[in-house]
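Written below as C-alpha cells is the structure these notes are about.
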2 protein chains.
Amino acid sequence: MTRSSNRTTSFEVAALAGVSQSAVSRAFTPGSSIAEETRQKVLEAARKLNYVPNSIASSLTTKRSNIVALILGNLANPFYVHVMHAFSRKLQEHGRQVLIFTVDAGAESDDAILQVLKYQVDGVILTSAQLSTRMTSMCHDRGIPIVLFNRYIPGSDASGVRCDNNGGGRLIAEAFLAAGAKSYLIVTGDPTATTSGDRMHGFMDRLIEGGIKRSDISQIEGNSSYEGAFSATIRYFSSPDVKRPDAIFGVNDIMAMGVMDALQLRLGMKVPEDLMLGGFDDIPEARRAPYHLTTVRQPIDQMVDETLAILHLDEPTRPIERGIDKRIPGRLIWRSTVPAPRDSE
Amino acid sequence: MTRSSNRTTSFEVAALAGVSQSAVSRAFTPGSSIAEETRQKVLEAARKLNYVPNSIASSLTTKRSNIVALILGNLANPFYVHVMHAFSRKLQEHGRQVLIFTVDAGAESDDAILQVLKYQVDGVILTSAQLSTRMTSMCHDRGIPIVLFNRYIPGSDASGVRCDNNGGGRLIAEAFLAAGAKSYLIVTGDPTATTSGDRMHGFMDRLIEGGIKRSDISQIEGNSSYEGAFSATIRYFSSPDVKRPDAIFGVNDIMAMGVMDALQLRLGMKVPEDLMLGGFDDIPEARRAPYHLTTVRQPIDQMVDETLAILHLDEPTRPIERGIDKRIPGRLIWRSTVPAPRDSE
DNA sequence: GCAAACAATGCATACGCATTCAAGAATAAT
DNA sequence: ATTATTCTTGAATGCGTATGCATTGTTTGC
C-alpha cells in the first residue's frame with residue numbers, strides 16, 4: 001500500500017452509475033439541476049466506491065476553498081484558546097475548514113499571511129499579531145477579507161472587531177472607586193498592543209475623573225503572562241520605598257491571576273482584605289475557587305459572530321468592507337476580589 | 001473591489017518575464033532545472049505583479065496538499081493546547097499547513113475525517129477522539145497516514161504514539177509509597193479512554209505490589225476536567241462514612257488541580273500535610289505556585305517528533321506503517337504535593 | 001394538438017500549475 | 001575540431017471538478 005494510490009474520481013463513479021461525470025458533480029452540488037432518481041444512482045455508486053469529492057479540485061474551478069485562516073499569537077493566554085475554539089466550532093458548523101497559524105506573540109504575521117494566500121483561503125482572522133499594510137493590501141487586492149480580532153492597528157484599513165477595551169478599563173476603575181480604593185497599580189501587557197494600552201487608559205481616565213491623583217497610580221509591566229505578572233509583582237513589592245496600593249488592575253485575567261498568587265503565596269497579603277484586584281477577559285479560570293476574580297467579560301461569541309459577519313463568507317461577491325472598527329462593550333463581573341461597596345449611596 | 005478578482009497566474013508572470021509558464025513554475029520549485037538568470041527574471045516579474053503561487057492548483061498535479069489535519073478532542077485540558085502548539089510549530093517549520101478540527105471529547109471523529117479526506121491532506125493526527133475502523137481503512141485505502149496521539153484504540157490497525165501511561169501511573173504510586181501513604185483515592189477521567197484506564201491500572205498494580213490492600217484504594221470519576229474533579233472531590237469527602245485517604249492520584253494535572261483546590265479551599269485540608277496529591281502530564285500550570293504539583297511529565301516534543309516520524313511526510317512513497325504502538329516513558333517530577341520520603345534508608 | 005417553457009443530461013472546456021518530452025544551447029571530453 | 005554530455009527551455013498535457021452551452025425529453029399553456 002503506497003501513498004497517493006487509488007483515489008476514486010468522479011469519472012469512475014460516473015461509469016459505475018452509468019451517467020456522465022457532470023451528473024456526479026451535480027449529485028454532490030446542492031441546488032444543481034439533477035433528477036432525484038439519478039442522484040440516488042450516483043450516491044449509491046459513490047458509496048460503493050468509497051468516493052469522496054476532491055475539494056482541492058473543486059476549489060480550483062469554483063475559486064473558493066472554503067478554508068478560513070486563523071492566525072494566533074498568544075496561545076499561552078487561555079483567552080485565545082477559547083477564541084480559537086469558538087471560531088473552530090462556528091466555522092465547522094458552516095462547513096468551513098480552519099487553517100491554523102501560530103506566530104510568536106506580537107511578531108509580524110507576514111510569513112503566515114503569505115502561506116495563507118497560497119492556499120486561496122476565503123478569509124483571514126488575525127488575533128494578537130502584527131499586520132503590515134503591504135499584507136493588508138495584498139489580501140484586499142486578491143479579494144480576501146481579513147479581520148483583526150481584538151486588535152486595532154492604527155493606520156491599517158483592515159477591518160476589526162474588538163471589545164471596548166477603554167470602556168472595560170473604566171468599568172474596573174468604577175468598581176475600585178466604589179469599593180473605596182485610593183491608590184492604584186496597573187500591570188500592563190505587551191506595550192506594542194493597543195489592547196493593553198486602551199484598557200489602561202480607560203482605567204486611568206476614569207480614576208482621574210473619580211478624583212484620584214495621577215501620582216497615586218503606578219504601573220508595571222507584566223509581559224501578558226502569568227509568570228511575567230507573578231515575578232513583576234514580587235519585584236515591585238520587594239522594593240524598599242514602595243507605596244502599597246489599595247487596588248491592582250491586571251489588564252488581562254491571566255496576569256491578574258499571577259498577581260494574586262504572588263500577593264497571597266509569596267508576599268503574605270490577602271485579596272481582597274489587604275488589596276483588591278481586577279482583571280479583564282473573564283476566562284473560565286478566573287471563575288475558579290482560588291481566584292474568583294472580579295473582571296470584565298469579553299463577549300466572545302458575539303465578537304466571533306461579528307467577525308464572521310464582516311468576513312461574509314456566504315456572499316463572496318459582496319465587496320470587502322474596509323476600515324470597520326466594531327467595538328463591543330464588555331460587562332463587569334463582580335466577584336470576590338473587589339469587596340462590595342459599603343453602601344450603594 | 002469584489003472578491004475572487006485579479007489573482008495573478010503564472011502565465012501573466014511568464015508574459016512579463018518573457019519566458020514560458022513552465023519557467024515560472026520551475027522558478028518556484030526548488031531543485032528544478034532552471035538557469036539562475038532566468039530564475040531572477042521570473043522572481044522579479046513575480047514581485048512586480050505580487051504573484052503568489054496557487055498551492056491549490058499545485059496540489060492538484062502533485063497530489064500532495066502539504067496540509068496535515070489535527071483533530072482535537074479536549075481543548076479544555078491545557079495539555080492538548082500545548083500539544084496543538086507543538087504540532088503547529090513543528091509543521092510550520094517544515095512548510096506544512098495545519099487544518100484544525102475540534103470534536104467533542106470522546107465523540108466519533110468520522111465527520112471530521114470525512115472532511116479531511118476531501119481536502120486530500122497528507123496526514124491525520126488524532127488526539128482524544130474516537131476513530132472507527134471504517135475511517136481508518138478509508139484513510140489507509142487512499143494512502144493517507146493517520147496517527148493516534150496519546151490514544152490507543154484496541155482493535156484498530158492505526159498507528160499511535162503515547163506516553164507509557166501504565167508506567168507513569170506506577171511512578172506516581174512509587175512516590176506515594178516512598179512517602180508512606182497507606183490509603184488511596186484515584187480520580188479518573190473519561191472512562192472510554194484507555195489513557196485514563198492505563199494510568200489507573202499502572203498505579204493500582206504498583207500499589208498492590210507495594211503491599212497496599214485493594215480495599216484501601218478507592219476511586220471516583222472526575223470527568224477529565226477541573227470542574228468535574230473539584231465537585232467530585234467535595235462530593236466524596238462530604239459523605240458521612242468516608243475514609244480519608246493518605247494520597248490522591250488525579251490521572252491528569254487539570255483534575256489534580258481541581259482536587260487540590262477543593263481540598264484546600266472548600267474542605268479545609270492542607271496538601272501535602274493532611275493529604276498528598278499527584279497528577280499526570282506536567283502542564284505548565286502544574287508548576288505554578290498555588291499547585292507545585294508532583295506529576296509525571298509527558299515528553300511532548302519527543303512524542304510529537306515520533307508522531308511526525310510515523311507520518312513520514314517527507315517520503316510519501318514509503319508505505320504507511322500500520323499498527324505501530326510507540327510508547328514513550330514519562331518522567332516523575334517530584335514537587336511539593338508529595339513530601340520527600342523520611343529517609344532514603 | 002401545437003408551441004412554448006422547463007427540467008435533465010452530456011459534452012467540452014476552464015481552473016492554475018507540474019511535469020514529460022523533445023529540441024536547442026552550452027559545455028565537456030576526446 | 002568534433003562528438004558526447006549536461007543544462008535550459010517551451011509546448012503540450014494531465015490533475016479532478018464545475019459549469020456554460022446545446023440537446024433531448026417532458027410538461028405546461030392556450
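Residue numbers begin at 1 in each chain, while the letters A, B, ... track the order of the sequences. In what follows, every heavy atom counts, from backbone to side chain, and hydrogens, waters and symmetry copies are set aside.
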Under 4.0 Å, counting only non-hydrogen atoms across every strand here, what does [X] touch: a base, just sugar-phosphate, or nothing?
| X | answer |
| --- | --- |
| S25(B) | base |
| S58(B) | sugar-phosphate |
| T38(B) | sugar-phosphate |
| F28(B) | nothing |
| V24(B) | nothing |

Lys/Arg-Asp/Glu bridge criterion (N-O < 4.0 Å) met for D141(B), R7(A):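 Result for this pair is no, no salt bridge flagged.
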Looking at E93(A) and R96(A), is there a salt bridge between them, counting it only when a charged N and a carboxylate O are closer than 4.0 Å?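 Looking at R96(A) and E93(A), the cut-off is not met.
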Just so I know, are the side chains of V13(A) and K48(A) near enough to count as touching, which here means a heavy-atom distance under 4.5 Å?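 Not in contact.
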How about Q40(A) and E36(A): does a side-chain donor come under 3.5 Å of a side-chain acceptor?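 Yes, side-chain donor-acceptor contact under 3.5 Å.
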Looking only at the side chains, is there a donor atom on one of S224(B) and D190(B) sitting less than 3.5 Å from an acceptor on the other?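 Per modelled atom types, S224(B) and D190(B) side chains form no pair under 3.5 Å.
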Are F28(A) and Y51(A) an aromatic pair, judged by ring center distance below 6.0 Å? yes
What is the distance, to the nearest angstrom, from the [atom1] atom on [X] to the [atom2] atom on [N]?
| X | N | atom1 | atom2 | result |
| --- | --- | --- | --- | --- |
| L60(A) | dG14(D) | CG | C1' | 12 Å |
| R7(A) | dT17(D) | CZ | C1' | 16 Å |
| K41(A) | dT9(C) | NZ | C1' | 11 Å |
| R64(A) | dG16(D) | CZ | P | 24 Å |
| I56(B) | dG16(D) | CD1 | C1' | 13 Å |
| I34(A) | dT19(D) | CD1 | P | 14 Å |
| N54(A) | dG16(D) | CG | C1' | 6 Å |
| F11(B) | dC15(C) | CZ | P | 9 Å |

Does any donor-acceptor pair link the side chain of [X] with the base of [N] at a separation under 3.5 Å?
| X | N | answer |
| --- | --- | --- |
| E37(A) | dA8(C) | no |
| Q21(A) | dA18(D) | yes |
| S22(B) | dC17(C) | no |

Measuring to OP1 and OP2 of [N], would you say a side-chain N or O of [X] lies under 4.0 angstrom away?
| X | N | answer |
| --- | --- | --- |
| K63(A) | dA14(C) | no |
| S33(A) | dA7(C) | no |
| S10(A) | dT17(D) | yes |
| Y119(B) | dG16(D) | no |

T61(B) vs E36(B), nearer the 5' end of DNA chain D by closest nucleotide: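 With T61(B) and E36(B) compared, the 5'-side residue is E36(B).
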By nearest nucleotide on DNA chain C, pick out whichever of R26(B) and V52(B) is the more 5' one.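 Looking at DNA chain C, the more 5' nearest nucleotide goes with V52(B).
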